[in-house]
> 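For reference, the structure I am asking about is given below.
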There are 2 protein chains.
Amino acid sequence: MKQASERQAERIKQRRERQEQNLFSRLPAAYAASRLQAQRLLQRAGGLSVLEWRVLWDLCEAGPMTIRDLAEIQRTDHSQLSRALPAMQRKQFVTMTRDSSDGRQIVVEITDTGRRAYETTAPTMKLRRDALRAEFSPEEIATFISLLDRLEDFLRRPIDTFLEREPPE
Amino acid sequence: MKQASERQAERIKQRRERQEQNLFSRLPAAYAASRLQAQRLLQRAGGLSVLEWRVLWDLCEAGPMTIRDLAEIQRTDHSQLSRALPAMQRKQFVTMTRDSSDGRQIVVEITDTGRRAYETTAPTMKLRRDALRAEFSPEEIATFISLLDRLEDFLRRPIDTFLEREPPE
DNA sequence: AGAAAACATATGACTTGTCACGCATTTCCA
DNA sequence: TGGAAATGCGTGACAAGTCATATGTTTTCT
């Protein structure tokens, strides 16, 4: 019986090592760790959520813009912003005004309160980016980014492209 | 007025290009794309959820194991499995039995039904891994994995390590 | 000018992921 | 051996992400 359970432990270990080499299974964990670290830093730096931080950062760096612009910069779904922004407006971090020349769009602008929240938080987040740069050389970052580019390209391809053994006639 | 809005468009473009180089902002998008592709493939291949697929795959490859083992292999929180497994049991994909020698543990084992679901789905998921291998050389994959290793190591470090300018006395 | 298509946003429903806490069991050690 | 610590699991609460669909605007095309 001992032997059987040892064999089992060995199989589990091998499986773990194998999955360590599987990109698809590494990505969620890496992302989760990144998000968690950001959440903790933000919590400590003043209590912004990840979404709030992203919005304030973009608005501070690039000025007022529409929800669509924000979503595009952040590579995320606009619905996430649609939902988060009203709360940020209530907190007086941003204003939302319908664009007078295009009535579909909402222009989001940072307020003084929002800017102060940004300025409180930014130094902490900069420390994190600095720490990353201390860990990875510019070349390594470039390699990483270019691998991510190609991976994303692959991931966004229509799934039929690799499901079909032979092209449809 | 035209000029002002053009300057604004330029600022937004610059911001987008800058954030393209930011690892922390690329990771969520890459992960999201990966999950979405997996969801679509699984949907087409028979309707398993990502979690279900992972569980069936691990159990098929490495035999019965505890919830903790599964969580470790999948690099995820045990609560996710705690929640998903009862439904999988109801679908007859797995059995859950309390370990007789350690009453805290639950041993999860795949059933014939689960194995059939796995076998229906596996070829599709293999095509995906094959397609990835057609896109990235083994060396590139190895580089990618090793960068992820180092990134994860960085991300799991206690946040104080880079928040402190000077060590606490 | 009017119909159709494209676009920007809002919203409901769902999945994946985390934490914190509680309970039961096991292990460790004084 | 008995109590403290560690471990395994379940659960409530929440964040972040997606989709599909609805609604109102603008653009495009005839």
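Numbers restart at 1 for each chain; the letters A, B, ... are given by sequence-line order, proteins then strands.
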> Any donor and acceptor pair, going by atom type alone, linking the side chain of B:T143 with main-chain N or O of B:E139 inside 3.5 Å?
yes
> Using the salt bridge (charged side-chain N to carboxylate O under 4.0 Å, His left out) rule, collect all pairs that involve residues 113-128 of chain B, keeping only residues at least two apart or in two chains.
B:K126-B:D130
> For the side chain of A:Q105 and the backbone of A:T66, is there at least one donor-acceptor N/O pair under 3.5 Å apart?
no
> By the salt bridge (charged side-chain N to carboxylate O under 4.0 Å, His left out) test, which pairs, at least two apart or in different chains, include something from residues 41-58 of chain B?
A:R15-B:D58, A:D160-B:R44, B:E52-B:K91
> Residues two or more places apart in sequence or in another chain: which of them pass side chain to side chain donor-acceptor pair (under 3.5 Å) with A:R40?
none
> Is A:R40 near enough to C:dC19 that one of its side-chain N or O atoms lies under 4.0 angstrom from OP1 or OP2?
yes
> Check whether any side-chain nitrogen or oxygen of B:Q80 sits under 4.0 Å from OP1 or OP2 of C:dT16, and answer yes or no.
no
> Partners of B:R156 by side chain to side chain donor-acceptor pair (under 3.5 Å), sequence neighbours excluded?
B:E152
> Tell me which residues in residues 90-111 of chain B put a heavy atom below 4.0 Å from DNA chain D, sorted by number, or none.
B:R104, B:Q105, B:I106
> Using side chain to side chain donor-acceptor pair (under 3.5 Å) as the criterion, list what pairs up with B:R150, not counting sequence neighbours.
A:E140
> Keeping to residues at least two apart or across chains, list the ring-ring contact (aromatic ring centres under 6.0 Å, His included) pairs with something in residues 23-43 of chain B.
A:Y31-B:Y31
> When you measure from the side chain of A:R75 to the backbone of B:A29, do you find a donor-acceptor pair of N or O atoms at a distance under 3.5 Å?
no
> Taking only heavy atoms on the protein side, list every residue of residues 17-38 of chain A lying under 4.0 Å from any atom of DNA chain D, sorted numerically.
A:Y31, A:R35
> For DNA chain D, what residues of residues 68-77 of chain A have any heavy atom nearer than 4.0 Å?
A:T76, A:D77
> Ignoring hydrogens and angles, tell me if any N or O in the side chain of A:R26 forms a donor-acceptor pair with the backbone of A:E20 under 3.5 Å.
yes
> Is the side chain of A:Q8 donor-acceptor paired with the backbone N or O of B:P64 at a distance under 3.5 Å, no angle test?
yes
> The criterion is side chain to side chain donor-acceptor pair (under 3.5 Å); which residues satisfy it with A:Q14, sequence neighbours excluded?
A:E10
> Measure the distance from NE2 on A:H78 to P on C:dT11 and round it to the nearest whole Å.
12 Å
> Is B:S79 touching bases, backbone alone, or none of the nucleic acid, heavy atoms closer than 4.0 Å?
base
> According to the salt bridge (charged side-chain N to carboxylate O under 4.0 Å, His left out) rule, which pairs have a member within residues 63-72 of chain A, sequence neighbours left out?
A:R68-A:E72, A:E72-B:R16
> Under 4.0 Å, heavy atom to any atom of DNA chain D: which of residues 41-64 of chain B qualify?
none
